[in-house]
Every structure is written in C-alpha cells, then in structure tokens.
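Shown next, in structure tokens, is the structure this report addresses.
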Amino acid sequence: MPLSTQSQADEAQYVLVASLDNARNISNILKAITFKDHAIFNATPNGLKVTVEDSKCLQANAFIQADIFQEFTIKEDSVGFQVNLTVLLDCLTIFGGSTVPGVSTALRMCYMGYGHPLTLFLEEGGVVTVCKINTQEPEEPIDFDFCSSNVTNKVILQSESLKEAFSELDMTSEVLQVTMSPSQPYFRLSTFGNSGNAHYDYPKDSDMMELFQCTKTQTNRYKMSLLKPSTKALALSCKVSVRTDSRGFLSLQYLVRNDDGQICFVEYYCCPDEEVGED
C-alpha cells in the first residue's frame with residue numbers, strides 16, 4: 001500500500017495510527033451517528049469509540065474494534081480528541097465513495113497528540129490525498145449511567161421488523177411511546193400524530209423477536225426528534241437490542257456488518273420525555 005512510504009521519523013511521532021483498505025468500513029459507521037457537527041474520539045488498545053451528543057438528552061456511540069483495521073497502533077492507554085465529524089466524512093468520501101466492486105479508498109489515519117491535527121492519507125487508484133483536520137480538546141461525554149444491572153426490560157429484534165414499524169407509525173407524532181411488559185401487549189410502539197393514534201405490537205414469540213426479557217411493565221415516551229437520528233443506524237443494521245432501565249432511559253444498540261462482513265456496534269441512549277402512568 002503506497003501509504004506506508006512515509007518516513008520512519010514521521011511514524012515515530014504518531015500516538016495513534018489506524019489503517020483500513022476500505023475507508024467505507026469506517027465512513028458508513030460514522031454516518032450512522034452524524035446528527036451534530038462535532039464528535040469525541042476516544043482510542044484505546046481495544047479500538048475506537050466515537051461519541052456524538054445532543055442537548056444532554058441523546059448520546060450516540062459507534063464502537064469500531066481494533067481488529068476491523070489492518071493496522072491499529074496506539075502508544076498510550078487512551079488517546080482522545082474532538083473533531084468536526086461533517087468535515088471528517090467529507091474527507092473520507094473525497095473520492096466519491098466508490099461502490100464499484102474491487103475499487104476502494106485506502107485510509108491511513110494518524111494523530112500526533114494534543115494540539116495536533118488529525119491527518120488522513122487517502123489513496124485510490126494510485127492517487128494519494130492528504131487531509132489535515134483541526135482537533136480540539138475533547139469534552140467529557142455525559143454519563144447516562146446505563147448499566148446492565150439496572151436494565152429491567154430487554155428485547156432483541158431483527159432490524160427489518162423495526163423498519164417496518166417505523167414505516168407504519170405516524171412520524172408526525174412528537175413522541176414515541178414504548179411499552180414493554182411481561183404480559184400483553186409485551187412490546188408495543190405507539191404514536192399520537194396528525195392521523196390519530198397508532199400502535200404496533202410484537203408478540204413475544206414472534207419470528208422477528210430473538211430475545212424477550214421483561215421483568216415489569218414499563219411505559220415511557222421519548223421525543224421523536226431525538227429518536228429520528230437513530231434511524232440512520234437502523235438502516236445499516238441487521239439486529240437491534242432495545243433496553244430500558246429502572247429510570248426509563250432507553251438504549252438502542254444496533255449490530256452493523258461492514259463491507260467485509262465484520263461486526264461493529266452503534267448505540268443510542270435517550271432519556272425519557274415524560275412519565276406515563278401504568279395502566
């Protein structure tokens with residue numbers, strides 16, 4: 001790969017180097033969480049975690065494991081920076097994001113540390129483009145304190161089923177109401193839009209339901225405006241885990257396969273809009 005022709009002196013200065021034969025494997029995942037301009041990157045030996053937040057009510061995380069990359073070298077326990085995600089995506093698709101079989105853009109992403117830009121070396125068909133993107137000190141992401149020990153209800157669905165639900169529900173509704181219960185209706189999505197109330201129910205033994213673990217009846221509402229960005233991740237995913245904790249916070253975890261069949265995860269956390277009394 002021509003990108004490896006940089007001098008060893010340059011290489012020695014980088015605290016983070018990540019290389020991919022196909023830049024689409026990272027750009028597609030990042031598109032799934034792009035609803036604000038800025039993202040917080042946190043690299044550890046396990047891989048990259050990219051976080052985007054909105055109004056302290058919504059957080060999206062993309063997890064890109066180290067083994068997704070052909071090379072992943074990190075010289076510190078943790079490397080963090082904030083970068084303009086829109087600009088980064090523009091750079092990653094600078095060659096047009098070709099979908100022609102056998103044609104891909106190779107990527108080498110390098111970072112020298114605090115105060116330095118994020119440098120991208122992109123190569124396609126022998127042409128190399130170098131992009132330098134300014135970085136900022138990362139803000140501390142909100143801790144939604146969503147831990148598995150507090151999860152009260154969890155279902156895992158095939159993504160096609162959730163896409164179908166969203167296509168049938170009324171998206172003019174300001175909220176999406178989620179009901180999860182050990183008894184009927186088990187798992188219900190409800191909207192209250194211009195065309196009236198709509199419900200979409202999933203039986204717990206549905207073919208689309210891979211896991212059903214509900215310990216108590218919970219009904220919570222979430223602002224539709226906060227949930228809409230997550231439909232980008234839904235469109236890419238093959239499975240989705242829907243969890244609620246004892247406070248009614250919602251976790252949507254999407255399993256996404258990249259072009260090479262490798263698995264990444266995108267997770268959205270959303271706080272409840274208002275309390276809804278149980279029936």
About how many Å separate [atom2] of [Y] and [atom1] of [X], when rounded to the nearest 0.5 Å?
| X | Y | atom1 | atom2 | answer |
| --- | --- | --- | --- | --- |
| Lys154 | Ser148 | NZ | OG | 8.5 Å |
| Asp21 | Gln70 | CG | CD | 3.5 Å |
| Glu139 | Thr51 | CD | OG1 | 11.5 Å |
| Leu255 | Leu236 | CG | CG | 11.5 Å |
| Leu176 | Leu226 | CG | CG | 11.5 Å |
| Asp245 | Cys147 | CG | SG | 7.5 Å |

Which heavy atom in [X] sits nearest to a heavy atom in [Y], and how many Å separate them?
| X | Y | value |
| --- | --- | --- |
| Tyr268 | Pro229 | OH-O, 3.2 Å |
| Val256 | Ala233 | CG2-O, 4.5 Å |
| Cys131 | Ile94 | SG-CD1, 4.1 Å |
| Ile68 | Ile263 | CD1-O, 3.9 Å |
| Pro138 | Ile40 | CB-CG2, 3.8 Å |
| Leu122 | Cys91 | CD1-O, 3.3 Å |

(message) Below 30° counts as parallel, above 60° as perpendicular, anything between as tilted: where do the rings of Phe81 and Tyr111 land?
(response) tilted
Would you check if [X] and [Y] make a side-chain contact, meaning some heavy-atom pair closer than 4.5 Å?
| X | Y | answer |
| --- | --- | --- |
| His38 | Leu85 | no |
| His199 | Leu189 | no |
| Glu174 | Met224 | no |
| Arg24 | Thr105 | no |
| Leu92 | Leu30 | yes |
| Tyr222 | Asp273 | no |
| Leu58 | Glu53 | no |
| Lys49 | Ile64 | no |

(request) Validate the cation-pi geometry between Arg108 and Phe69: distance from NZ or CZ to the six-membered ring centre under 6.0 Å, angle to the ring axis within 45°. (result) no
Using a 6.0 Å cut-off, check whether atom [atom1] of [X] has over 12 heavy atoms from anything other than its own residue.
| X | atom1 | answer |
| --- | --- | --- |
| Asp207 | CG | no |
| Lys232 | NZ | yes |
| Glu71 | CD | yes |
| Glu168 | CD | yes |

Hydrophobic cluster membership, with links at side-chain heavy-atom distances under 4.5 Å among I/L/V/M/F/W/Y: are [X] and [Y] in one?
| X | Y | answer |
| --- | --- | --- |
| Ile33 | Phe63 | no |
| Met209 | Leu162 | yes |
| Val242 | Phe144 | no |
| Ile26 | Val87 | yes |
| Ile156 | Tyr200 | no |

(request) Could I get the full list of salt bridge (charged side-chain N to carboxylate O under 4.0 Å, His left out) partners for Glu164, not counting sequence neighbours? (result) none
Could you check whether any side-chain N or O of [X] sits under 3.5 Å from a backbone N or O of [Y], counting only pairs where one atom can act as donor and the other as acceptor?
| X | Y | value |
| --- | --- | --- |
| Thr191 | Gly193 | no |
| Thr172 | Asn194 | yes |
| Ser161 | Gln158 | no |
| Thr135 | His116 | yes |
| Glu123 | Gly126 | yes |
| Asn258 | Gln262 | yes |
| Asn153 | Thr215 | yes |

(message) Measuring centre to centre across the rings, with the benzene-like ring taken for any Trp, is Tyr202 within less than 6.0 Å of Tyr186?
(response) no
(message) So that I know where these two stand, are Phe249 and Phe146 an aromatic pair - ring centroids less than 6.0 Å apart?
(response) no
(message) Checking Arg243 against Glu267 for the salt bridge (Lys or Arg N to Asp or Glu O under 4.0 Å) test, could you report, in this order, the C-alpha distance in whole Å, the side-chain angles of both residues, the deciding distance, and whether it holds?
(response) CA-CA 11 Å; Arg243 297 179 298 162; Glu267 187 161 41; 2.9 Å; yes
(request) For side chain to side chain contact (heavy atoms under 4.5 Å, CB included), just list the numbers for Asn42 and Ser78, CA-CA rounded to whole Å, side-chain angles, deciding distance to a tenth of an Å, and then say yes or no. (result) CA-CA 7 Å; Asn42 186 50; Ser78 175; 2.9 Å; yes
Without hydrogens or angle criteria, can the side chains of [X] and [Y] be said to hold a donor-acceptor pair below 3.5 Å?
| X | Y | value |
| --- | --- | --- |
| Asp170 | Ser195 | yes |
| Thr244 | Gln218 | yes |
| Ser237 | Ser159 | yes |
| Gln59 | Asn61 | yes |

(request) Would you check, one step at a time, whether the test side chain to side chain contact (heavy atoms under 4.5 Å, CB included) holds for Val17 with Met109? (result) CA-CA 6 Å; Val17 176; Met109 186 164 62; over 6 Å; no
So, using side chain to side chain contact (heavy atoms under 4.5 Å, CB included) as the criterion, who are the partners of [X] when residues are at least two apart?
| X | result |
| --- | --- |
| Ser225 | Lys223 |
| Asp145 | Asp143, Arg247 |
| Pro45 | Ile74 |

(request) List the steps, then state whether side chain to side chain contact (heavy atoms under 4.5 Å, CB included) holds for Gln253 with Phe265. (result) CA-CA 7 Å; Gln253 190 177 64; Phe265 289 95; 4.1 Å; yes
(message) The criterion is side-chain hydrogen bond (donor to acceptor under 3.5 Å, both in side chains); which residues satisfy it with Lys75, sequence neighbours excluded?
(response) none
(request) Mind running side chain to side chain contact (heavy atoms under 4.5 Å, CB included) on Phe72 and Leu16 for me, showing each step along the way? (result) CA-CA 8 Å; Phe72 191 84; Leu16 175 68; 4.0 Å; yes
(message) Can you pull out every side chain to side chain donor-acceptor pair (under 3.5 Å) where at least one residue sits in residues 25-34? Sequence neighbours excluded, please.
(response) Asn25-Asp260
